[in-house]
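Residue numbers begin at 1 in each chain, while the letters A, B, ... track the order of the sequences. We use all heavy atoms of the structure for the numbers below, so side chains are in, but hydrogens, waters and symmetry mates are not. Source: prediction; values computed, not measured.
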2 protein chains.
Amino acid sequence: MSLDDTRNIIIKVADRLFSRFGFHKTSMDEIAKIARKAKGSLYYHFASKEELFKEVVSKEINKLKHTLSNIIEDPDLDASEKIKKYLVDRMVVLNDSANYHETLRADFFEHFDFIDSLRTDLDNWEKENLKKIILQGIENGEFAPVKEMDVLLDMFIMVLKGLEIPFFLQEKYDKYSPYFEGLMGILIKGLAP
Amino acid sequence: MSLDDTRNIIIKVADRLFSRFGFHKTSMDEIAKIARKAKGSLYYHFASKEELFKEVVSKEINKLKHTLSNIIEDPDLDASEKIKKYLVDRMVVLNDSANYHETLRADFFEHFDFIDSLRTDLDNWEKENLKKIILQGIENGEFAPVKEMDVLLDMFIMVLKGLEIPFFLQEKYDKYSPYFEGLMGILIKGLAP
DNA sequence: AACTGACTAAAAAACATTAACAGTCAAAAA
DNA sequence: TTTTTGACTGTTAATGTTTTTTAGTCAGTT
């Protein structure tokens with residue numbers, strides 16, 4: 001059994017248990033038992049429970065980034081199509097990211113600030129990549145030039161994060177997802193010249 | 001000292017103390033002391049601590065509704081101007097509504113569901129009134145007809161509520177308020193034909 | 001190097017006790 | 001009759017103590 005196998009088994013089991021019970025209600029003993037490893041083995045591969053959880057959330061985030069990067073790099077899409085697909089697929093992927101949902105509560109609970117850097121990194125990544133799309137649109141004449149684009153993007157990311165709470169924590173995504181594209185369409189139209 | 005005077009004194013003191021210490025950390029004994037009334041007098045006028053807090057939050061909400069109603073009924077504004085002013089002034093008024101800010105946490109804490117009806121009522125009121133503006137815009141040809149307007153408005157209200165968390169709980173409003181109008185402008189432009 | 005299982009200090013949970021609190025109500029005051 | 005009071009009480013919250021669980025450690029084994 002190679003190094004990677006044990007590590008991946010731990011991650012896989014942790015993903016399952018954290019998804020189901022949340023960070024605080026999942027113990028390292030449980031993860032070890034179900035992974036059929038000694039608890040010390042978990043600590044050989046991960047510095048702490050927090051690092052393990054971050055690894056699990058990072059995998060979800062990387063999956064999201066991968067999906068969105070494909071959209072951004074697709075040469076067949078113009079900027080409007082890209083941003084629409086970005087926004088829609090973003091919610092689709094995040095809807096299935098149970099551990100990510102837990103991070104949405106971070107602002108309201110103590111002992112969860114170790115997650116802040118992950119969330120900040122994702123915000124920065126998103127800002128950067130949305131900006132790419134918008135700049136592409138401006139260059140191609142699809143979008144009007146935008147003043148103060150950086151702050152507007154900050155706020156727009158707040159909007160997206162704010163929507164995640166009713167969608168994923170209050171389970172409203174299923175009800176509203178068929179119409180989300182329509183709302184984003186209005187916004188994208190507002191970007192046009 | 002008339003009936004209304006005592007009641008108003010209680011409300012005024014409660015507003016101050018709840019604003020400063022929050023609902024859970026303000027006791028009825030304290031409110032009574034500072035209002036120079038017996039605690040039993042508070043219960044003569046208000047059925048419970050919860051009802052007193054709701055009264056205080058309602059006053060903030062009524063102030064908001066009053067401000068926004070003036071905008072909606074202003075005959076000198078077209079629909080675009082109305083909705084822009086609505087959205088901007090909405091945040092201005094809510095920024096000063098400390099007790100309302102506390103209700104934003106309701107979804108994350110127990111023992112606060114007595115506030116739900118207030119929040120639902122405000123959502124419904126907002127939906128109704130935003131719809132009025134949009135319908136006015138559609139009638140006058142300022143806005144394109146909107147499909148599924150009701151669900152889109154639901155989501156838009158989620159967007160506004162979602163923005164309240166960084167703005168008012170994370171104290172980002174001062175930083176971003178100068179640019180909020182710009183973001184709303186893009187959205188309003190997207191409503192145009 | 002990777003893994004184990006016994007161990008331990010710290011944190012969390014459970015339990016017990018005390019203090020604070022929301023709410024009550026008969027009596028007093030207006 | 002209405003409004004207000006202040007003493008009272010059951011419930012809840014806070015505090016303190018004890019027990020259990022947990023994250024993390026590490027010498028020994030593979």
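What separates CD of B/E50 from C1' of D/dT11 is a distance of 14 Å, to the nearest Å. Across the protein-nucleic acid pair, B/R36 atom CZ and D/dT5 atom P stand 12 Å apart, rounded to whole Å. At whole-Å resolution of the value, NZ in B/K33 and P in C/dA20 are 11 Å apart. Look at CG on B/L42: it is 14 Å from C1' on D/dG6, rounded to the nearest Å. As a whole-Å value, the separation of B/D29 CG from D/dT5 P is 13 Å. Between the CD1 atom of A/I9 and the C1' atom of C/dC3 there is a distance of 13 Å, rounded to whole Å. The distance from atom NZ of B/K37 to atom C1' of D/dT2 is 14 Å, rounded to the nearest whole Å. Taking atom NE2 of residue B/H24 and atom P of nucleotide D/dT12, one finds them 14 Å apart after rounding to whole Å.
Ring-plane geometry between A/F53 and A/F18 is classed as perpendicular, the angle between the planes exceeding 60 degrees on a 0 to 90 degree scale with a lower cut at 30. Using the six-membered ring where Trp is involved, B/F167 and B/Y173 have ring planes that are perpendicular, over 60° apart on the 30 and 60° scheme.
Looking at the side chain of B/Y43, the nearest of the listed nucleotides C/dG23, D/dG24, D/dT5 is C/dG23. Of the candidates C/dA22, C/dT4, D/dT5, the closest approach to any side-chain atom of B/M28 belongs to C/dA22. Of the candidates C/dA13, C/dT4, D/dT5, the closest approach to any side-chain atom of A/K25 belongs to C/dA13. For A/A38, whose side chain is taken as the heavy atoms from C-beta onward, the closest listed nucleotide among D/dT5, C/dG5, D/dA23 is C/dG5.
B/S27 comes within 4.0 angstrom of sugar-phosphate atoms only, judged by non-hydrogen atoms across all strands, and of no base.
Comparing A/T26 and A/S41 against DNA chain D, the residue whose closest nucleotide sits nearer the 5' end is A/T26. Along DNA chain D, the nucleotide nearest A/E30 and the nucleotide nearest B/G40 are compared for position; the residue whose nucleotide lies closer to the 5' end is B/G40.
A donor-acceptor contact under 3.5 angstrom links the side chains of A/S19 and A/D15, judged on distance only.
Between the side chain of A/K39 and the base of D/dG24, at least one donor-acceptor pair of N or O atoms lies under 3.5 Å.
We find that B/K82 and B/E142 are not joined by a salt bridge, their nearest charged nitrogen and carboxylate oxygen being 4.0 Å or further apart.
For A/F112 and A/F23, the gap between ring centers is short of 6.0 Å.
A close approach under 4.0 Å does not occur between any side-chain nitrogen or oxygen of A/S48 and OP1 or OP2 of D/dA23.
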